[in-house]
Amino acid sequence: MTRSKLWWSIAAINILLPLGILMFAKGFFPYKPFLPGLAQFDAEDVTTEKPFDKVVFMVVDALRSDFVFGERSGFQFTQSLISSERAIPFTAHATSPTITMPRVKAITTGSIPGFLDVILNFAESDTTSSLAQQDNWLAQIKANSGKLVMYGDDTWLKLFPGMFHRSDGTTSFFVSDFTEVDNNVTRHIDDELKRDDWDAMVLHYLGMDHIGHKSGPLSPNMLPKQVEMDGIVERIYTAIETSPHLSSTLFVLAGDHGMNDAGNHGGSGEGETSPALVFISPKLSAISSTYETPLKAPATPSSGEFGFYKTIEQSDLAPTIVSLLGLPVPRNNLGVLIPDFLKLWNPSEQAAVVMRNARQLKSIISASHPEFDTLSSQPSTTDEVCTSLSGIDHLACLWRHTPYLLSTGDASSLLHLCTEYQSLLSSAASNYDIPLMLFGIFVTTISLCWALGHLLPQLYGLSASFIPLLFTAYIPTMFASSFIEEEHHFWYLLASLWFLLLLLRNFRRGTRQATSGLILLALLRLTRRWNQTGIKHAGAPDIARHWLPAHPTVLWILVLVTYIDTFSLLWNHTYRPLGRQLAGIMAFATTAAAFCFKLAFAGQDSPELVPTWLAPLTPQTSLVAQARAVFLFVALGLAYAAFFSRSLKSVQAITTIFLLTQSRVTNTPLLHIFRIMAWQLPEGLTEVEKEVTCLLMQQVGFFAMGGANAISSVDLSQAYNGVDGFNVVVVAGLTLVGNWAAGMWWRTVLPGPISGGIKSPKLEKDDEVQRKEEQPEMVMTTFMTLQAVAVMVACTLLRSHLFIWTVFSPKYLYVMAWTGWNLIGNLAWGWCVRNMVR
Amino acid sequence: MPSAINTMSTHLHTAGLGSILAFYLPSLIETPASTLINTLPLLTLAQSAYLLTSQLTSIKKKKKSTPAPSISSSFTPLFVSIFFAGTAGTFVLFSLLVLFGAPITSHLPDTALTAAHMSMLAVLPLVFQLGVDGERWREVLACQAPIDEAFLGAMGMAIGAWAGAIPIPLDWDREWQKWPVTILVGAYGGYLVGKTVGSVFKGAKMPF
């Protein structure tokens with residue numbers, strides 16, 4: 001088999017693999033039909049009185065239900081409004097993924113954004129594609145000649161370009177910023193409350209989310225922040241009560257999502273999916289005074305840990321708000337008007353209000369189930385019993401009753417119909433495209449067999465038993481949700497075994513040298529402890545998030561050691577052809593720029609990590625300019641290494657500078673640990689053994705740097721280095737490098753077989769003969785295909801599993817990311833490195 | 001019939017260790033550290049008795065002409081072996097446990113006692129058999145020694161303890177998933193299987 005033939009196979013497999021993955025994804029992730037255009041009242045809709053004509057919509061990011069309703073809440077004023085019947089509280093169940101963009105979409109359109117939205121998150125943050133095309137209550141207000149103003153998180157400005165009459169967006173750039181982001185919103189409030197030219201004011205406060213991410217729900221900053229937010233509620237409520245032009249204003253206080261005990265969100269833990277929701281207005285006493293048991297605050301959860309008061313779906317907000325404002329229901333809404341609010345209308349009008357919601361839901365069902373219209377238009381008798389029917393027939397039967405229900409004004413039966421429609425539309429299970437999924441599996445399995453056929457027969461020695469062990473052990477773990485959540489343990493255990501086997505093989509080769517093997521194992525153990533990852537022990541003490549913040553001086557000594565070591569590599573290898581002095585200057589300039597950026601970034605992002613002795617040295621220049629300077633140095637260095645120095649170490653040094661820049665400061669010492677590990681690797685490893693080491697360490701490094709198979713673990717902190725606008729490609733690239741820094745480091749150090757150039761280590765004679773037949777390039781590709789097939793089959797077989805959307809789907813997204821990484825990092829970057837040093 | 005005695009004592013020993021493990025398992029799950037410390041003398045005793053019996057029978061088998069050796073002449077090497085397994089062996093295994101992921105900020109007595117049990121299981125027979133012959137130790141570490149009970153028992157112990165870590169991350173929330181129960185059960189199981197395989201293929205060469 002010639003090398004070029006092998007590369008053709010690798011290329012073909014790596015084209016088939018993404019194809020299969022995309023086909024499977026298209027069948028697996030439910031696609032909901034979405035109706036374009038804005039809803040309008042049609043002839044059938046009866047216009048009713050509108051209880052409110054203005055709305056103040058105040059979002060407090062990550063406002064978990066207990067923050068407002070619980071015993072230890074800082075929302076004293078809000079609680080007093082609840083007990084005095086001027087506010088109605090709910091827990092608004094948010095569906096996973098619990099991150100801001102999809103939640104804002106759910107709140108405004110009433111639809112239920114799914115996992116596809118996470119993939120499209122980047123694209124949608126761009127202003128070119130937005131909710132401008134999808135009906136929502138903001139657009140309804142605007143279409144009915146209303147004016148909107150917006151202050152706070154600029155997600156809204158990106159989602160609704162051109163929607164707002166006045167606005168001031170804030171970016172969630174540094175999580176350490178607890179005050180500025182919120183003051184930036186608050187400073188506009190008084191001014192806006194005096195004006196009467198707006199019909200809707202949206203406020204989005206980010207401070208609470210930042211506190212959560214930084215130090216969790218029990219942070220000492222949490223209560224003061226709640227008191228601050230409560231103060232805002234009081235200011236707005238007082239204005240509504242006292243100013244005549246605001247007398248008919250609905251005030252909504254809502255969280256977009258909650259947070260878990262570690263202060264993160266994204267998944268579907270109870271804390272993450274339970275944000276608070278409060279409707280506030282003096283007019284609401286008409287509702288709360290009719291409750292059998294008067295509302296009390298603070299309250300205790302009525303269900304679970306965070307289920308305070310009544311729990312509604314977050315998407316129910318959209319139809320409720322439009323109905324209260326007398327507007328048509330957004331076309332893609334899946335929510336149902338909150339029943340309590342019906343009391344604001346005359347009994348004669350209530351059925352007509354619900355009917356608008358029902359007609360809108362029916363139009364979605366007709367769009368997704370073409371047979372519905374024929375079924376629902378069949379003649380019916382009033383005494384027809386629907387309960388014996390199921391599925392679409394049941395819903396159609398219910399629809400045939402509506403004329404009767406409307407004429408008798410039976411609003412509660414109409415609401416029941418709406419909830420039936422909602423549950424059918426929200427269930428995603430019916431939307432799998434099984435044939436397409438199976439075809440995706442088929443295509444990927446072909447590429448897997450192809451890859452295995454290349455790889456396995458050629459293996460010999462240690463890897464001949466280790467690679468099959470690794471592969472066969474990995475497959476079953478993808479079928480167990482806890483092994484997916486705790487995948488790091490698999491790689492830690494296998495990597496430890498691998499290094500021990502390499503150590504024991506030394507004994508077989510006649511030496512009794514064990515030191516470097518033990519150093520490898522010890523450093524691996526240290527790496528494992530660096531970042532606590534996974535679900536089971538999330539938040540448990542570790543080095544990066546607990547020990548180092550308590551010992552910032554040690555952290556910065558480690559960081560300095562890492563940078564100085566890289567400096568000496570740059571000096572002695574990368575810039576060597578420049579001559580000793582000039583090389584020293586270039587190496588120093590590059591390292592100093594990178595270090596200054598790291599220090600300045602830490603100073604802004606996590607000031608608690610900068611010890612007092614370093615604080616005065618923190619540069620004050622703009623981070624964007626500093627990051628660009630570092631990237632410029634990296635580009636220069638890479639070009640120089642590629643054309644002049646042309647050694648592996650020279651590429652390694654300049655890449656390390658780039659990776660240090662793209663890693664969290666607490667993770668930078670890991671790259672130095674990896675360097676010592678690479679240095680301690682036994683001599684005489686075959687290319688396949690090097691590739692196995694690279695595969696293991698890429699995975700170990702991914703998890704040790706804090707990665708996990710959960711969406712909340714994606715590290716976005718380095719995604720905007722040197723970026724001041726928004727550029728999808730650049731931000732996506734920086735995010736990939738930020739999360740796969742360990743992977744890229746190991747690929748650079750072990751780039752695969754280099755023909756010519758570097759002298760191959762001395763090998764035993766029989767090894768030398770066999771080495772030519774082994775196909776190290778195939779190891780990574782085979783593993784990626786194997787992983788894809790395993791996860792696809794797991795997702796197909798377990799598609800009705802309780803955890804399909806919380807564990808298996810995120811894992812599938814990670815498979816997609818790893819495949820992307822394999823193409824960009826392992827294949828393309830590996831090729832670059834090999835050619836730079838050839 | 002010395003060889004019959006030997007085979008019988010092997011199986012007796014296997015069954016004995018197996019039943020000790022089964023008997024103490026509930027209390028091991030409940031209070032690992034104290035159970036481990038209470039059963040350590042029992043394990044040492046079982047291993048010593050077995051080693052002495054097998055040495056006695058094997059010497060009888062080899063040197064039929066020489067007069068029957070006294071048990072007492074084996075006592076000194078046995079005590080030295082126990083001492084070595086209890087100190088150096090335990091330390092090495094403790095270090096390996098930690099390197100493979102055992103907690104170091106908590107559970108220290110549990111881990112140390114697990115290492116002691118593993119050492120008495122696997123290291124004691126090896127030391128008793130190999131003594132201080134460095135070359136034979138290297139052969140064992142390189143997996144090249146001729147197959148026998150002590151060697152394969154140690155290998156099985158290592159594999160079993162390694163595989164014992166697998167069920168720990170599962171979300172079954174069972175009491176037995178706690179450190180170090182699965183590791184210890186894996187080590188015992190692996191040792192007993194390895195030892196049995198070793199006695200069946202005694203004298204053969206390792207296949208790899």
Side-chain angles (χ1 to χ4, degrees), chain A residues 460-462 464-466 469 473 476-477 480-497 499-501 503-514 517-529 533-537 540-543 546-547 802-803 807, chain B residues 88 91-107 111 118 122 126 130 132-146 151 154-155 157-174 177-179 182-183 186 190 205-208:
Chain A
Y460 69 96
L462 191 53
S465 36
F466 190 81
L469 168 77
T477 62
S481 59
S482 29
F483 279 140
I484 292 179
E485 286 173 343
E486 312 292 314
E487 193 186 335
H488 53 287
H489 283 306
F490 177 86
W491 294 104
Y492 293 166
L493 200 65
L494 264 294
S496 306
L497 178 67
F499 288 130
L500 184 73
L501 290 176
L503 167 69
L504 293 182
R505 194 176 58 174
N506 272 352
F507 291 108
R508 182 165 278 206
R509 290 189 167 159
T511 60
R512 291 186 206 165
Q513 233 283 8
L518 288 176
I519 292 176
L520 265 176
L521 281 171
L523 290 177
L524 178 67
R525 181 67 177 81
L526 190 65
T527 307
R528 289 166 71 153
R529 206 75 200 88
T533 181
I535 304 290
K536 205 175 179 183
H537 301 288
D542 60 12
I543 296 173
H546 296 85
W547 196 80
L802 185 60
F803 294 152
V807 176
Chain B
F91 174 75
V92 168
L93 284 170
F94 176 80
S95 312
L96 275 176
L97 279 175
V98 168
L99 286 179
F100 270 71
I104 29 175
T105 47
S106 62
H107 296 82
T111 311
M118 288 162 72
L126 276 177
L130 304 179
V132 287
D133 186 341
E135 181 52 28
R136 290 184 68 193
W137 274 100
R138 188 196 65 76
E139 278 183 356
V140 167
L141 288 177
C143 292
Q144 283 173 319
F151 170 40
M155 215 173 128
M157 191 280 298
I159 295 172
W162 181 81
I166 293 170
I168 296 179
L170 284 169
D171 62 352
W172 298 344
D173 296 324
R174 297 297 154 90
Q177 281 174 295
K178 79 180 178 193
W179 184 262
T182 54
I183 307 289
K205 273 190 172 179
M206 288 298 284
F208 50 85

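All values below were derived from every heavy atom in this structure, side-chain atoms included, with hydrogens, water molecules and symmetry-related copies excluded. Convention: sequence-line order gives letters A, B, ...; per-chain numbering from 1. Owing to the predicted nature of the structure, the values given are computational and were not obtained by experimental measurement.
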A:Arg505, part contacting chain B, at a heavy-atom distance under 4.5 Å
neither
Looking at chain B, which one of A:Leu521, A:Leu518, A:Asn506 has the largest number of heavy-atom pairs inside 4.5 Å, strictly under?
A:Leu521
Could you tell me whether the side chain of A:Phe483 reaches within less than 4.5 Å of the side chain of A:Phe490, counting heavy atoms only?
no
When the 4.5 angstrom heavy-atom criterion is applied to B:Ala102 and chain A, the contacting part is backbone
Check step by step if side-chain hydrogen bond (donor to acceptor under 3.5 Å, both in side chains) holds for B:Thr111 and B:Trp179.
CA-CA 8 Å; B:Thr111 311; B:Trp179 184 262; 3.1 Å; yes
Name the option with the most non-hydrogen atom pairs under 4.5 Å to chain B; the candidates are A:Gly461, A:Ala495, A:Ser481, A:Ser482.
A:Ser482
Please tell me if the side chains of A:Leu493 and B:Ile166 come closer than 4.5 Å, counting only heavy atoms from C-beta onward.
yes
Quick check on B:Ile168 against chain A: is it the side chain, the backbone, both or neither that has a heavy atom closer than 4.5 Å?
backbone
Verify side-chain hydrogen bond (donor to acceptor under 3.5 Å, both in side chains) between A:Ser496 and A:Arg525, making sure each step is shown before the conclusion.
CA-CA 8 Å; A:Ser496 306; A:Arg525 181 67 177 81; over 6 Å; no
Which bit of A:Leu497 is near chain B, if near means a heavy-atom gap under 4.5 Å: side chain, backbone, both or neither?
both
On a heavy-atom basis, which atom in A:Phe466 and which in A:Leu501 lie closest, and how many Å separate them?
CD1-CD1, 4.0 Å
So which part of B:Glu139 gets closer than 4.5 Å to some heavy atom of chain A, the side chain, the backbone, both or neither?
neither
Minimum heavy-atom distance between B:Ala145 and B:Met206, given as atom pair plus value
O-CG, 3.8 Å
